[in-house]
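Everything below concerns the one structure shown next.
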Number of protein chains: 2
Amino acid sequence: METNAPGLLLDRETKASERPGDHKDELRLWLRMLTCSTLIETEIRNRLREEFKTTLPRFDLMAQLDKSSTGMTVGEVSQRLMVSNGNVTAVVAGLLADGLVDKRAATQDRRVQVLTLTAQGRKAFKAMAERHEGWIAELFAELDQQQITQLFRLLGQTKTSLHRAIAARADGAAQGDA
Amino acid sequence: METNAPGLLLDRETKASERPGDHKDELRLWLRMLTCSTLIETEIRNRLREEFKTTLPRFDLMAQLDKSSTGMTVGEVSQRLMVSNGNVTAVVAGLLADGLVDKRAATQDRRVQVLTLTAQGRKAFKAMAERHEGWIAELFAELDQQQITQLFRLLGQTKTSLHRAIAARADGAAQGDA
DNA sequence: CGAAATTATTTTAGGCCTAAAATAATTTGG
DNA sequence: CCAAATTATTTTAGGCCTAAAATAATTTCG
């Protein structure tokens with residue numbers, strides 16, 4: 001059961017109580033998470049390039065559009081992907097040139113550009129998404145279902161913690177501005 | 001204790017046994033991990049820019065050099081940071097210009113460029129590293145020591161799984177070449 | 001109504017990053 | 001020895017990404 005026996009792992013990894021003001025564990029955790037993310041991202045980039053001659057940003061953008069039947073605005077895509085508006089504009093330009101995405105001004109508010117996948121885009125995405133899902137499963141293959149669930153849950157708590165810490169600091173900065 | 005009561009979370013998240021060939025859980029896990037990494041990375045980039053007028057790649061490169069007393073070659077830094085040699089060359093150019101890093105050809109093998117932090121670079125890094133460690137702790141503040149340890153361990157297993165899957169595919173490709 | 005403020009997107013300038021080609025130095029094997 | 005192969009780094013061309021400024025359209029409110 002791997003019970004965290006005191007005197008073994010814990011002694012070497014978590015003696016926070018003995019080191020007040022020390023936050024090395026959090027740092028090590030972050031570096032390890034970054035390593036995992038980078039390994040996955042790099043591998044997926046390579047495979048997308050080799051098998052589909054495309055890039056991760058393009059794939060990610062198409063994935064967002066694929067989830068929406070009615071199309072999405074530049075701003076919505078930008079928020080979902082956590083990238084700038086200008087970046088969406090640029091990536092969309094490439095997809096437009098390849099006929100994978102359609103862009104048109106909304107009829108009621110002509111500031112807004114609505115993006116949708118073309119039929120070709122939907123077809124291309126479907127093929128890529130299927131392979132992509134398999135690649136991810138391959139990469140996580142050594143984790144069993146329980147570990148996946150556990151990791152998913154811990155990352156959920158991490159996400160909550162991050163959102164709160166980031167919001168708290170943004171509030172502080174806004175206060176400072178006033 | 002959050003015991004994973006069947007019928008609640010598990011029913012919605014992990015019915016892999018009922019969906020053969022389905023790998024949605026791994027995909028969701030990856031997307032959540034990516035969200036966490038991106039949130040942290042973006043926040044750290046912003047704080048480094050606002051408080052120290054520097055960038056994450058520069059900070060990361062200085063962090064590597066700081067850990068080495070004798071200096072590191074371009075290739076070693078490139079491997080540790082998981083970026084291309086060319087990228088190291090470019091980032092180092094900026095740090096050289098700012099007097100934070102020193103670069104000199106090794107005496108015994110003049111192909112090799114040895115990088116070290118200057119006194120100014122070490123001092124600047126020390127100040128940033130201290131703040132950086134605090135920021136990371138802040139971001140993970142809502143996780144207790146046990147959750148940190150657990151997450152660290154699960155990510156360790158993930159890392160192993162990733163390395164094996166990536167190596168396996170590289171081997172396959174090498175076979176295919178022969 | 002119409003000027004000012006707001007909102008959505010694009011443009012611009014600049015840094016990061018990669019793969020592939022080029023350069024430069026060293027090692028190897030005939 | 002010396003030509004070929006190898007190794008380390010840099011250069012090049014091009015895509016991604018951001019912040020800030022610019023543009024364009026809509027909304028608000030006096």
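Chain identifiers are assigned alphabetically (A, B, ...) following the order of the sequence lines, protein sequences preceding nucleic acid strands; residue numbering begins at 1 within each chain.
- Among residue pairs with one or both ends in residues 68-98 of chain B, none qualify as ring pair (Phe, Tyr, Trp, His ring centres under 6.0 Å); sequence neighbours excluded.
- Using a 4.0 Å cutoff to heavy atoms of chain B, the contacted part of DNA chain C runs 5' to 3' from C:dC16 to C:dT26.
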Would you be so kind as to tabulate the donor-acceptor pairs closer than 3.5 Å made by side chains of residues 81-90 of chain B, with sequence neighbours excluded?
unit_1, atom_1, unit_2, atom_2, d
B:Ser84, OG, B:Asn87, N, 3.2
B:Asn85, OD1, B:Ser78, OG, 3.1
B:Thr89, OG1, B:Asn85, O, 3.3

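- The list of side chain to side chain donor-acceptor pair (under 3.5 Å) pairs with a residue in residues 115-125 of chain B, not counting sequence neighbours, is empty.
- Of the two residues near DNA chain D, B:Asn46 and A:Thr55, the one whose nearest nucleotide lies more 5' is A:Thr55.
- Residues satisfying the side-chain hydrogen bond (donor to acceptor under 3.5 Å, both in side chains) test with A:Arg104, not counting sequence neighbours, are A:Asp102.
- For residues 56-78 of chain B, the pairs satisfying salt bridge (charged side-chain N to carboxylate O under 4.0 Å, His left out) are B:Arg58-B:Asp98, with sequence neighbours left out.
- The pair A:Glu43-B:Arg169 meets the salt-bridge criterion, since a charged nitrogen lies less than 4.0 angstrom from a carboxylate oxygen.
- When the local axes at the two ends of the helix from C:dC1-D:dG30 to C:dG30-D:dC1 are compared, using 5 base pairs at each end, they differ in direction by 0° after rounding to 10°.
- Using a 4.0 Å heavy-atom distance criterion, A:Asp60 is classed as making no nucleic acid contact.
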CA sep, side-chain torsions, deciding dist, call: A:Arg49, A:Thr54, side chain to side chain contact (heavy atoms under 4.5 Å, CB included): CA-CA 5 Å; A:Arg49 179 164 40 76; A:Thr54 191; over 6 Å; no
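- For the residue pair A:Gln157/B:Glu142, the side-chain donor-acceptor check at 3.5 Å is not satisfied.
- For the side-chain hydrogen bond (donor to acceptor under 3.5 Å, both in side chains) test, no residue two or more places apart in sequence or in another chain qualifies with A:Gln79.
- A:Arg32 places a side-chain N or O within donor-acceptor distance of the main-chain N or O of B:Phe152, the cut-off being under 3.5 Å.
- In the region residues 109-116 of chain B, proximity to DNA chain C at under 4.0 angstrom, judged on heavy atoms, holds for B:Asp109, B:Arg110, B:Arg111.
- Among residue pairs with one or both ends in residues 66-112 of chain A, none qualify as ring pair (Phe, Tyr, Trp, His ring centres under 6.0 Å); sequence neighbours excluded.
- Using a 4.0 Å heavy-atom distance criterion, A:Arg45 is classed as making no nucleic acid contact.
- With sequence neighbours left out, B:Phe59 forms a ring-ring contact (aromatic ring centres under 6.0 Å, His included) with B:Phe125, B:His132.
- The backbone N or O of A:Gly156 sits less than 3.5 Å from a side-chain atom of A:Thr160, completing a donor-acceptor pair.
- Within residues 75-90 of chain A, the residues approached by DNA chain C to less than 4.0 Å at the level of any non-hydrogen atom are A:Gly75, A:Asn85, A:Gly86, A:Thr89, in residue-number order.
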